[in-house]
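Remarks on the structure that follows.
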Amino acid sequence: HWFPWLSKQLMLKDIFTVALEIPTPWQPRYAIWKKELERFELTPETMLIGHSCGGGFLVRYLSEHQDLHVGKVILVAPWTNPSNNPRSDTADFFDFSMDRNLVSRTSGITVFYSNNDDESVLKTVDLIRKNIDQATYREFANKGHFSLNDLGTVEFPELLDECLKR
């Protein structure tokens, strides 16, 4: 996947990175994910990147912590189980309301999505578009879920460029 590659590229630019290792990511539980994130100090200089369920998690966490100000937020193929598919076993992970003014407490939110991703991801992107003001959207063609199989490489230069953009 592109997480190690991106971390290395950012570290080469003297940007400290941490990739959270969440227990049982295929069976997300909000309290566990929240505890893992809160091990770190989040400041207006903190850049947050979430892929898939991680993107949905960041939307919830930041929506529920309206006193928190962070730097750039990048959501890659964000997913919130919008059809509440029970096979996904997300329990109450996505039981929240999006904060319409979320972007105002960040240095900007950019949403990466591909035109050929799963319907539930595209539906999530539409929900974010309808419920969060002033986010930026970058649509890609034929990048699927931005996984290794879809990208065909561990490199994700468009994401690196977005991270480094001032």
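- Classified by interplanar angle (parallel below 30°, tilted 30° to 60°, perpendicular above 60°), the ring pair Phe112/Phe156 is perpendicular.
- Judged as a ring pair (Phe, Tyr, Trp, His ring centres under 6.0 Å), not a single pair has a partner in residues 119-139 (not counting sequence neighbours).
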Please tabulate, one pair per line, all N/O donor-acceptor pairs under 3.5 Å involving side-chain atoms of residues 157-166, not counting sequence neighbours.
residue : atom : partner : partner atom : Å
Glu162  : OE1  : Arg138  : NH1          : 3.4
Glu162  : OE1  : Lys165  : NZ           : 3.1
Glu162  : OE2  : Thr110  : OG1          : 3.0

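- Among all heavy-atom pairs drawn from Thr17 and Ser7, the shortest one is OG1-CB, 3.5 Å.
- Minimum heavy-atom separation, Val59 to Leu102: O-CD2, 4.3 Å.
- Between Phe57 and Leu37 the shortest side-chain heavy-atom distance falls below 4.5 Å.
- With contacts defined as side-chain heavy-atom distances shorter than 4.5 Å, the pair Ser114/His145 does not qualify.
- Applying the 6.0 Å contact sphere to CD of Gln66 captures more than 12 heavy atoms from other residues, nucleotides or ligands.
- The side chain to side chain donor-acceptor pair (under 3.5 Å) search around Thr90 returns Asn81, not counting sequence neighbours.
- With sequence neighbours excluded, the residues that form a ring-ring contact (aromatic ring centres under 6.0 Å, His included) with Phe94 are Trp79.
- Counting only heavy atoms from C-beta outward, the side chains of Glu38 and His65 approach each other to under 4.5 Å.
- Phe3 pairs by the ring-ring contact (aromatic ring centres under 6.0 Å, His included) definition with His1, not counting sequence neighbours.
- You'll find the side chain of Asp117 stays beyond 4.5 Å of the side chain of Asn115, heavy atoms only.
- Contact record, Asp133 with Val103: O-CG2, 3.1 Å, taken as the closest heavy-atom pair.
- Taking the side chain as every heavy atom from C-beta outward, Leu20 and Phe40 approach each other to under 4.5 Å.
- Side-chain contact check for Asn85 and Ser83: no donor-acceptor pair (N or O, by modelled atom type) lies under 3.5 Å.
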Determine all donor-acceptor pairs shorter than 3.5 Å in which one atom belongs to a side chain in residues 22-34; sequence neighbours excluded.
residue : atom : partner : partner atom : Å
Gln27   : NE2  : Asp89   : OD2          : 2.6
Arg29   : NH1  : Asp89   : O            : 2.9
Arg29   : NH2  : Asp89   : OD1          : 2.8
Arg29   : NH2  : Asp89   : OD2          : 3.4
Tyr30   : OH   : Glu64   : OE1          : 3.1

